[in-house]
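The residues of the chain are indexed from 1 along the displayed sequence.
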Amino acid sequence: MTTPSQIKRILVPLDLNETGEDLLYYAGQLAQALGAELYLFHACKTADLTFTQQSSCIQKLRSFAERVFSREYKAAQVAAPFDCVVRPGQIHDSIQSVVQDYQIDLVLMDAGARANTGLTGEAAELAAVIMGLVSCPVMVLPANVRYRKLKNLVFATDFTDQDQRVLFQIADLAHQLKTKLTLVQVYSEEKRSELCAYKAAMLELEKQLKGRKVAFRLLEEEDMLEGISEFSEEASADLLILATQDNYLLERLFSTNYMKTMAFHTRIPLLTYRQIKKKPCSGCCANCKSKQAQVQLQVTIQ
């Protein structure tokens with residue numbers, strides 16, 4: 001049994017504008033639900049920061065946060081405790097060191113470019129960059145999404161390809177939020193021959209997670225992403241969770257084709273964990289092609 005993990009520190013990259021206000025309000029509510037501290041991070045977009053400039057930026061960030069919290073929260077309520085972090089340059093220049101220095105457990109960011117419909121391709125690209133830089137989970141908030149109590153978490157996964165450490169981190173998150181977690185695997189008709197293996201793996205996961213509020217579902221659907229989205233909507237999911245080793249699935253999730261269908265996963269937050277996978281995500285993905293080439297080269301050398 002692994003040691004239970006908790007999210008205690010949430011890093012929130014902020015722009016001091018309307019977009020940042022929406023994100024900050026969500027962050028405050030999420031931090032309260034988790035009993036976590038907030039670290040508000042602002043990249044000043046300058047080459048360097050003098051001590052005076054740093055102090056000024058921190059004061060602006062703190063005043064911004066206090067104004068938002070005082071407006072959004074009732075006088076009797078207290079927003080989650082927060083600290084302010086400022087750095088020169090862009091977010092991606094320093095977020096890795098900030099996460100390490102402050103021992104951050106979760107990065108909460110918004111969709112970047114605002115749109116009338118959830119996440120944009122540009123936003124997905126920014127989120128993908130951040131996820132590639134940090135080791136902790138990253139949660140991306142679509143535009144126009146207001147906080148609601150998280151009651152149903154959906155983890156889209158492959159029962160036969162699990163990192164136990166990540167699996168228990170996700171189960172611990174559900175426990176910390178006192179919410180239901182559903183592990184769902186979507187497979188295509190051509191994968192029916194592997195159904196027995198999927199069911200056996202599912203039973204093993206049930207044993208590992210015994211005593212937790214976890215459900216399991218196997219669904220046959222030709223398009224995995226459509227299946228995930230349809231199931232999430234039917235289950236009234238509040239959060240979609242993925243565990244990936246690269247950004248291939250994220251890029252597909254928020255491609256133009258899926259944005260046009262207004263898939264359900266573009267209207268709820270997306271939480272991603274880093275997981276080393278045993279199986280390739282797709283034979284056509286550049287990351288997997290590179291891995292296959294490395295394996296072939298090793299075989300040739302041997």
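- Using a 4.5 Å cut-off on side-chain heavy atoms (C-beta onward), Glu226 and Val186 make no contact.
- Arg9 and Asp83 are not joined by a salt bridge, as no carboxylate oxygen comes within less than 4.0 angstrom of a charged side-chain nitrogen.
- Judged by distance alone, with hydrogens and angles left aside, the side-chain atoms of Ser63 form no donor-acceptor pair with the main-chain N or O of Lys60 at under 3.5 Å.
- Of the possible donor and acceptor atoms, one in the side chain of Thr179 sits under 3.5 Å from a partner among the backbone N and O of Lys151.
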Let me see the working for Leu24 and Phe82 under side-chain contact (heavy atoms from CB on, under 4.5 Å), right down to the final yes or no. CA-CA 11 Å; Leu24 186 54; Phe82 69 90; over 6 Å; no
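- Contact detail for Thr160 and Ala197: the closest heavy-atom pair is CG2-O, 3.8 Å.
- Note that CZ of Arg87 is 7.0 Å distant from CD of Gln54, once rounded to the nearest 0.5 Å.
- In terms of heavy-atom proximity, Leu61 sits nearest to Leu40 at CD2-O, 3.3 Å.
- If you check the side chains of Ser55 and Gln59, you find no donor sitting under 3.5 Å from an acceptor.
- Using modelled atom types and a 3.5 Å distance limit, the side chains of Ser5 and Asp172 yield a donor-acceptor pair.
- Side chains of Ile268 and Val145 form no contact here, defined as non-hydrogen atoms less than 4.5 Å apart.
- Phe64 and Glu21 get closest at one heavy-atom pair: CZ-CG, 3.6 Å.
- Looking at His42, its side chain does come within 3.5 Å of a backbone N or O of Leu14 through a donor-acceptor pair.
- No donor-acceptor pair under 3.5 Å is formed between the side chain of Gln162 and the backbone N or O of Thr157.
- Judged purely by atom type and a 3.5 angstrom limit, Gln90 has no side-chain atom pairing as donor or acceptor with the backbone of Ala43.
- With hydrogens and angles ignored, the 3.5 Å screen pairs no side-chain donor or acceptor of Asp15 with any backbone N or O of Asn17.
- Residues Tyr25 and Gln29 have side chains that bring a donor and an acceptor to within less than 3.5 angstrom of each other.
- The aromatic rings of Phe216 and Phe159 stand perpendicular to each other, their planes meeting at an angle above 60°, with 30° marking the opposite boundary.
- The backbone N or O of Val134 sits nowhere less than 3.5 Å from a side-chain atom of Arg274 that would complete a donor-acceptor pair.
- Taking the six-membered ring where tryptophan is involved, the planes of Tyr147 and Tyr26 are perpendicular, since the angle between them exceeds 60° and thus also 30°.
- A donor-acceptor pair under 3.5 Å is absent between the side-chain atoms of Ser232 and the main chain of Ala237, judged by distance alone.
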Criterion side-chain contact (heavy atoms from CB on, under 4.5 Å) on Val140 and Thr272, from CA distance to verdict: CA-CA 8 Å; Val140 185; Thr272 62; 6.0 Å; no
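- Heavy atoms only, all atoms of each residue included: Val98 and Ile104 are closest at O-CG1, 4.1 Å.
- Residue Asp161 comes nearest to Gln275 through the heavy atom pair O-NE2, 3.0 Å, listed as atom of the first residue, atom of the second, then distance.
- Remark: aromatic rings of Tyr102 and Phe41 are distant, center separation not under 6.0 Å.
- Remark: side-chain polar atoms of Gln176 are paired, donor with acceptor, to backbone N or O of Leu34 under 3.5 angstrom.
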Go through the steps for Leu195 and Leu218 under the test side-chain contact (heavy atoms from CB on, under 4.5 Å), then give the verdict. CA-CA 9 Å; Leu195 191 55; Leu218 271 166; 4.1 Å; yes
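- A 4.5 Å side-chain heavy-atom check between Arg165 and Tyr273 finds every atom pair outside the cut-off.
- Expressed to the nearest 0.5 Å, how far CD of Gln53 lies from CD1 of Ile58 amounts to 12.0 Å.
- Across all their heavy atoms, Ala47 and Pro88 have their closest contact at O-CB, 3.7 Å.
- Expressed to the nearest 0.5 Å, how far SG of Cys136 lies from CD1 of Ile95 amounts to 7.5 Å.
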